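Values in this document were obtained by computation on a predicted structure and should not be read as measured data.
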Amino acid sequence: MGSSTKRRAQQQEDFYGELAGAVGGLVIVTGILGAIKAKLGLNWPATILLTVGVLVALGYGIWKARVALQRHWKGESQATAQAKQTAALQADGATSSQPAEDSVPAHPQLTATLRTAGAIGRDEVIRLDEVAVTPVPTGTQYDLVLPATRTRKDVETRLENVAAALHKTRLHLRVDRSRDSERRVRLLVLDDEPFSTPFPAPTREQITAFKGVPLGHDVTGKLTGIRTFSKSSMLVAGMSQTGKSTLINGLITCLLIAYGDFDLYLLDGKLCALIHWEKACIRYEASDDPGVFESMLDELNDRVSSRYMEMQEDLRNRKPTPKFRPVIFIADEVADFFADDGTPKGKERAQRIEEKARKLVAKGLESEVSTIFLTQRPDKDAIPVKVRSQFSYRISLYVDSAGTAKVVLGDSYFSTVAPIDPTQLNPEIRGQGVLFAGGRSTLIRGFDFPNEFMWKVADEAQARLQAKIETAPETPLKQAIDIMQSKGVDFILTAELASALGITETDSVKCGIKLSKALGVPSGRGPKGARGYHLGDLTAAAMSAS
């Protein structure tokens, strides 16, 4: 309440002050007008009009002077700015050797295509003098430099748009990165559908000359593949009748020719798809029985364990890490081996196999034991996640959905560099697939070798195996192999083999223990359930250096 009263009092004092000021001003004006009237001898109306006219004229003159000054100052500022801009452009021209972009001839097709695709801006061009065009057997290779504000990722992430602008599909295009500049791009544009015309199978000399392991042809007809299987594993998947067997038979052929000495284990889940290589293997099984798969996992995991023990011993004694003979295990139709029959025992076995397979794929790499799994059921439940997540190389043939492609190639596959969608592949072109290795995708087609060529390669591999056995030191194991080969048998009873090796123990149990210890191989069951030894098991043991 007190503040309101003070505010009203203050407002009254202000009003009286302004009123007094106005009265004072009026008295001064009246005095000035009276003085003018007396000086000029005019009446009051004339005096007032004259005074007003003089004031108006004076105000107009001031306004005109102000406008003239403003125009003068603005003109000077524009002239100064223009002079500075001209000087800057002249300095730029003196220091830059690049001509203005609009004066440089543009490559008409690439500029229009990349603008339409959104890979470059509407005001940007692909310079004609920075494009190299090279014809290749299947299309045209463009080596180009992007504008300064663009990188190869702008093209890689818009390949589908680029293909549409060229009236092609994504499979008609391939982008290769440059090692010298992020702005440099190599763009391959195919004339026709990839692999619409098959390439001839490579010769032995071409396979040997390849730096690594060739897996197939790329879209230009060149051999392509991986550098090595050392510390690596591979998953190959695709729908039925898309050419997995063609691809894997070609791979085995190239391995036996160019990879050097290694031990090959094969599990042929189709029973006859890999029969070419039976004699070239340390162990070959044609079976769809999960028990056979488990027994091979056990054998290979035992080799892995013994190799780790050897590595531990050498490191403990400060010796160099031992070099092991490479081992490659290939299992076809592997999804069948992870399935269970719904019974408690079946579920228990499936879990046991899953863990053994995971252990082999994960731990085998450091001991030079590599795994290649194939399946025509690439759904999410076919191969357990903790197994398939271990594979470093992946090949997807035609599949019918993006979800299935992710199962084969990885959940994040479609966010990688320039991915190729396996659902877009032509299933009629057998052996065609997407190789995903090192974070990059390559469209390949596996080799289709004639049977006669593969048989010859297999015979050569078998001869090498036989020569190794024949030159091996004389041991009870080698003697047992020689005995069975001389008899021409694939299975021999424990008692008969023990007698041939000079073991005279009469107790059958003790005899079996002594024989197993001497051979370093456990006995097995024969066709009628009797215990004894298979020639294949003894040969595999003899071939296994460690």
Side-chain angles (χ1 to χ4, degrees), residues 113-121 144 146-147 149-166 168-179 181-190 194 215-216 218-219 224-227 232-239 242 358 361-362 373 375 377-427 432-445:
T113 297
L114 297 183
R115 281 179 177 176
T116 302
I120 63 174
L144 59 112
L146 296 169
T149 60
R150 303 290 173 170
T151 69
R152 58 178 174 79
K153 289 185 179 180
D154 292 294
V155 178
E156 290 173 339
T157 57
R158 295 172 176 84
L159 273 182
E160 290 186 353
N161 295 343
V162 174
L166 292 171
K168 301 284 186 179
T169 72
R170 166 65 183 88
L171 297 182
H172 286 80
L173 270 60
R174 187 182 75 186
V175 171
D176 297 321
R177 68 172 61 188
S178 170
R179 298 294 180 185
S181 173
E182 289 294 327
R183 291 171 55 198
R184 189 175 178 185
V185 173
R186 295 185 180 92
L187 177 65
L188 173 66
V189 181
L190 301 181
L215 299 175
D218 69 5
V219 293
T224 188
I226 59 176
R227 187 178 61 84
S232 302
S233 55
M234 178 181 288
L235 174 64
V236 182
M239 308 295 287
T242 55
R358 183 206 64 78
V361 178
F373 284 171
T375 180
R377 287 172 45 205
D379 54 80
K380 64 179 182 179
D381 299 322
I383 301 176
V385 175
K386 65 181 183 179
V387 176
R388 69 172 186 260
S389 63
Q390 304 293 330
F391 292 98
S392 48
Y393 301 134
R394 297 162 183 260
I395 297 179
S396 176
L397 288 81
Y398 171 76
V399 293
D400 58 3
S401 71
T404 304
K406 289 181 180 180
V407 170
V408 182
L409 300 172
D411 291 335
S412 61
Y413 172 71
F414 289 101
S415 63
T416 60
V417 176
I420 302 172
D421 190 347
T423 64
Q424 297 180 7
L425 302 181
N426 186 348
Q432 178 183 216
V434 179
L435 167 64
F436 184 56
R440 296 191 65 85
S441 302
T442 305
L443 189 60
I444 68 170
R445 186 179 187 184

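- Take S441 and apply the side-chain hydrogen bond (donor to acceptor under 3.5 Å, both in side chains) test, not counting sequence neighbours, and it matches Y413.
- Of the listed residues (V408, I444, I395, L425), just one forms a side-chain contact (heavy atoms from CB on, under 4.5 Å) with V434, and that residue is L425.
- When the salt bridge (charged side-chain N to carboxylate O under 4.0 Å, His left out) test is applied to R174, the partners found at least two apart in sequence or on another chain are D176, D218.
- Qualifying side-chain contact (heavy atoms from CB on, under 4.5 Å) partners for R150, counting only residues two or more places apart in sequence or in other chains: I120, E124, L146, P147, D154.
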Below 3.5 Å, can you tabulate the donor-acceptor pairs from side chains in residues 396-407 to any protein atom, sequence neighbours excluded?
unit_1	atom_1	unit_2	atom_2	d
S401	OG	T404	N	3.1
S401	OG	T404	OG1	2.8

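- Within a 6.0 Å sphere centred on CD of Q424, heavy atoms belonging to other residues, nucleotides or ligands number more than 12.
- Residues passing the side-chain contact (heavy atoms from CB on, under 4.5 Å) test with T116, sequence neighbours excluded: A165.
- With hydrogens and angles ignored, the 3.5 Å screen pairs a side-chain donor or acceptor of K168 with a backbone N or O of L190.
- Residues meeting the ring-ring contact (aromatic ring centres under 6.0 Å, His included) test with F391, sequence neighbours left out: F373.
- With contacts defined as side-chain heavy-atom distances shorter than 4.5 Å, the pair V162/L114 qualifies.
- Although no hydrogens or angles enter the test, the distance criterion places a donor-acceptor pair under 3.5 Å between the side chain of S392 and the main chain of S233.
- Every side-chain contact (heavy atoms from CB on, under 4.5 Å) that T169 has, sequence neighbours left out, goes to L171, H172.
- In this structure, R440 and V175 approach most closely via the heavy-atom pair NH2-O, 3.3 Å.
- Contacts of R227 classified as salt bridge (charged side-chain N to carboxylate O under 4.0 Å, His left out), with partners at least two apart in sequence or in another chain: none.
- Scored by the salt bridge (charged side-chain N to carboxylate O under 4.0 Å, His left out) test, E182 finds R152 as partners (sequence neighbours excluded).
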Run the numbers on T416 and F436 for side-chain contact (heavy atoms from CB on, under 4.5 Å), then give the verdict.
CA-CA 10 Å; T416 60; F436 184 56; 3.8 Å; yes
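- Side-chain contact between L409 and F414 is absent, with no heavy-atom pair separated by less than 4.5 Å.
- Here the CG atom belonging to N161 is positioned 11.5 Å from the OG1 atom belonging to T113, to the nearest 0.5 angstrom.
- The closest side-chain heavy-atom distance from M239 to P427 is not below 4.5 Å.
- When every heavy atom of R115 is checked against every heavy atom of G121, the shortest pair comes out as CG-O, 3.5 Å.
- Partners of R170 by side-chain hydrogen bond (donor to acceptor under 3.5 Å, both in side chains), not counting sequence neighbours: none found.
- Partners of K153 by salt bridge (charged side-chain N to carboxylate O under 4.0 Å, His left out), not counting sequence neighbours: none found.
- Residues meeting the side-chain contact (heavy atoms from CB on, under 4.5 Å) test with V385, sequence neighbours left out: R388.
- V189 places a side-chain heavy atom less than 4.5 Å from the side chain of L187.
- How far CG of L435 is from OG1 of T224: 6.5 Å, rounded to the nearest 0.5 Å.
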